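Contents: one structure, followed by commentary.
Labels below follow one simple rule: chain letters A, B, ... track the order of the sequence lines, proteins then strands, and each chain is numbered from 1. Here the structure is a predicted model, which means the values were calculated and not measured.
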2 protein chains.
Amino acid sequence: MDGQGRVRNITDLARLAGVSPGTVSRALADSHLIAKKTREKIQQLAREHDFRPNVMARNLRIKRAGAIGVLIPLGHETGQHISDPFFMTMLGHLADALTERGHDLLLSRVIPKDPDWLNRVVDSGRVDGVILIGQSDQIDVIEKVASRYLPLVAWGANLPGKNHCSVGSDNRKGGEIAAQHLIDRGCRNFAFFGDPVAPEIAERLEGCRAALSSSGLADNFSILPAHLTAETAHPAISKWLDDTQSIPNGIIAASDVIAMSALRALAEHGVKVPGQVHVVGYDDLPFANQTVPTLSTVKQDLAAGAAHLVDLLFRRIAGEETGSVVLEPELVVRQSS
Amino acid sequence: MDGQGRVRNITDLARLAGVSPGTVSRALADSHLIAKKTREKIQQLAREHDFRPNVMARNLRIKRAGAIGVLIPLGHETGQHISDPFFMTMLGHLADALTERGHDLLLSRVIPKDPDWLNRVVDSGRVDGVILIGQSDQIDVIEKVASRYLPLVAWGANLPGKNHCSVGSDNRKGGEIAAQHLIDRGCRNFAFFGDPVAPEIAERLEGCRAALSSSGLADNFSILPAHLTAETAHPAISKWLDDTQSIPNGIIAASDVIAMSALRALAEHGVKVPGQVHVVGYDDLPFANQTVPTLSTVKQDLAAGAAHLVDLLFRRIAGEETGSVVLEPELVVRQSS
DNA sequence: AATATTGCAACAAACGATTGCATAACACGG
DNA sequence: CCGTGTTATGCAATCGTTTGTTGCAATATT
């Protein structure tokens, strides 16, 4: 615009307006300590030169970062891409909620190599708080940091004996609902697809076990610890189908992504869903009713989850020692079961 | 840890070590101006108190932000969630590449209400550069900002007459390839699913048109301007199938997400793919070989794309006036065609 | 008319680092 | 014992804001 005399800071603008930097600062903050006339003059001038005060300097002075760290820990994943729509859905909700509260979102996928990864973020002074999307296999690290750093919340399991603040659905119950549904559908042999290294998954598995046990079907249950990505799940399941002697008639997948791979693998093996096998997923991601056949699944309300995460986080930033939140899972029956 | 005397800044640590703040700063930076012995003592002390210098203060002094803004403009989307795996895939690659270069990723979904959204980010002093994932319908805004702000790159179309730096596949050619493939498969009536408001889509559409024209099939072509989300695409397509008199035998979807919705809608209408209708998508997202039937599609190499985006961006941050990059699209034939 | 109140704006000290320059400490040869 | 050269540290300015305190007029009060 004005090539030469670009206004780079509040002092430049002050000079231009013939006032002191302090006055400019207050004027731009619309402080009533400054006469309305001066205020408007300065604001007008700022607009003309499209000047915007430097956020970093402001934050330094103000002692806040204006950003929330959103971390995706990939501890148990073997480092491949996560193209998992789950994350994007969650991320979308979080981004909206944070923006609404005037905070930026500092995204970081972290493959924890040393136990210091979380400390680094927390102590960097870059963020006012941290949201973890999933706990992965890093419970110990999380617990340790949480014990000294209040504004930390995690999406995931609410684990007995653990104190960090979490938001997640009742995974045990979710697993139970899924299994019970298959039992009701008349299934008698079951398989669980998913890696119980992640605590959420472990709880879902446990819920299944419980449901099967109380129907006396605990013995007809096998587990395939498949990774969560679309890339790795499919070959694993396919191979499993090749190897297994008798295909079960009820399959519970630890996530919709895995379920989708399963549907495809089953189709390839000429197995009819839901004719021969009933399949239930977990998450109710947007694509769950786009698959062929559409996927029955246990719905986690991610919108509500994200809202809770952000709400709890800001209460913690304000100093409150909040508890955790457990959401009710809900069975969504579609064609696959 | 040490409850009382928490070390909050470089000065505290200096006091503890019995040296001046400046010395601590240099010691932590491993400067050779400081005696090895002192250096190690200070580093040890820092470790003990797990002290990490405040990044924001550092950045202010050093005049860099240490973060790159990644923006997802949602101009033509009507504000719903984007659960599109495309973004997550891209985001994952970007996150990795940026972290590798020591930069954080400031994520922002922006629904442009005023033409100032991009200026705000650029002038905030919070980011060293900006990557746009998609141009949406904001070409004018982007062009304007790009003309004065060098470190700005966009994923999307390389538009004639436009000067901002972009990385994207040759959409026109991609569209051409897709259409030609269907022609080769013997299709004679065509439909395009996708909203040409976004320039990438417009170019793909144009490519299709070109291919059809040169085979004299331009007249047998209809367009359904469907939105890009899974949520909205399916009902639109379903309705279209209800209404249309004669279903075409070649369908080109502007994205894999749309293609997936199409596959499902077709299945519901009892239309055999690829028996009666051939379908081609665009993107080659991870789930493209998970659908039933697996999806033929025009592959965009997102990994390479992300690498280019980051590379160009950093060259621009260094002051170089780089050109744009156009990637070759590649047809991936699977079951749906 | 003298004093108290108010309204505006300037001054200067933070915030927590980095870094050029000045200086202190030390060793060494003459 | 002094000058000279290293090497290691301290000092103070700086980055661009915010904000408590202060100074000064103009107005209100008695």
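Picking from D:dT9, C:dA9, D:dT17 the nucleotide with the shortest atom distance to the side chain of A:Thr11 gives D:dT17. Counting only heavy atoms from C-beta on, B:Thr38 has its side chain closest to D:dA8 among C:dA10, D:dA8, C:dC8. Set against D:dC15, D:dG10, D:dT17, the side chain of B:Leu60 has D:dC15 as its closest nucleotide. Candidate nucleotides D:dG16, D:dT19, C:dA9 were compared by shortest atom distance to the side chain of A:Ser25, and D:dT19 ranks first. With distances taken from any side-chain atom of B:Ala57 to the nucleotides C:dT18, C:dA17, D:dG16, the minimum falls on C:dA17.
Put simply, the side chain of B:Arg26 and the base of D:dG10 share a donor and an acceptor less than 3.5 Å apart. With hydrogens and angles left out, the side chain of B:Arg58 and the base of C:dT18 share no donor-acceptor pair within 3.5 Å.
Taking atom CE of A:Met56 as the reference point, atom P of C:dT18 lies 13 Å away to the nearest angstrom. In this structure, the CG atom of B:Leu33 is 15 Å from the C1' atom of D:dC11, given to the nearest Å. Atom NZ in A:Lys63 sits about 15 Å away from atom C1' in D:dT19, given to the nearest Å. Nucleotide C:dA9 holds its P atom 8 Å from the CD1 atom of A:Ile42, rounded to whole Å. For B:Ile10 and D:dC15, the CD1 to P distance is 19 Å, given to the nearest whole Å. In this entry the distance linking CG of B:Asn59 with P of C:dT19 reads 12 Å, nearest Å. Atom-to-atom, CG of B:Asp123 to P of D:dT17 comes out at 12 Å; the value is rounded to the nearest Å. For A:Arg64 and D:dT19, the CZ to P distance is 11 Å, given to the nearest whole Å.
At least one side-chain nitrogen or oxygen of B:Asn9 sits closer than 4.0 Å to the OP1 or OP2 atom of C:dG16. OP1 or OP2 of D:dG10 has at least one side-chain nitrogen or oxygen of B:Thr23 nearer than 4.0 Å.
By the 4.0 Å N-to-carboxylate-O rule, A:Arg52 lies close enough to B:Asp116 to be salt-bridged with it. Using a cutoff of 4.0 Å between basic side-chain nitrogens and carboxylate oxygens, A:Asp123 and B:Arg8 are not scored as salt-bridged. Look at B:Asp140 and B:Lys144 and you find no salt bridge, because none of the NZ, NE, NH1 or NH2 atoms lies under 4.0 Å from a carboxylate O.
Heavy atoms only, all atoms of each residue included: A:Pro73 and A:Ser136 are closest at O-CB, 3.8 Å. Among all heavy-atom pairs drawn from B:Trp155 and B:Gly305, the shortest one is CZ3-CA, 3.8 Å.
Residue whose closest nucleotide on DNA chain C sits further toward the 5' end, between B:Arg61 and A:Ala35: A:Ala35.
Residues A:Arg148 and A:Asn119 have side chains that bring a donor and an acceptor to within less than 3.5 angstrom of each other. Neither side chain, A:Glu40 nor A:Gln44, offers a donor N or O lying under 3.5 Å from an acceptor on the other.
In this structure, B:Ile62 reaches the sugar-phosphate backbone alone: every heavy-atom distance under 4.0 Å involves primed, P, OP1 or OP2 atoms, never a base.
In the helix from C:dA1-D:dT30 to C:dG30-D:dC1, the rotation axis of the first five pairs and that of the last five pairs differ in direction by 70°, rounded to 10 degrees.
Across A:Arg316, A:Arg315, A:His308, a single residue satisfies side-chain hydrogen bond (donor to acceptor under 3.5 Å, both in side chains) together with A:Thr322, and that is A:Arg316.
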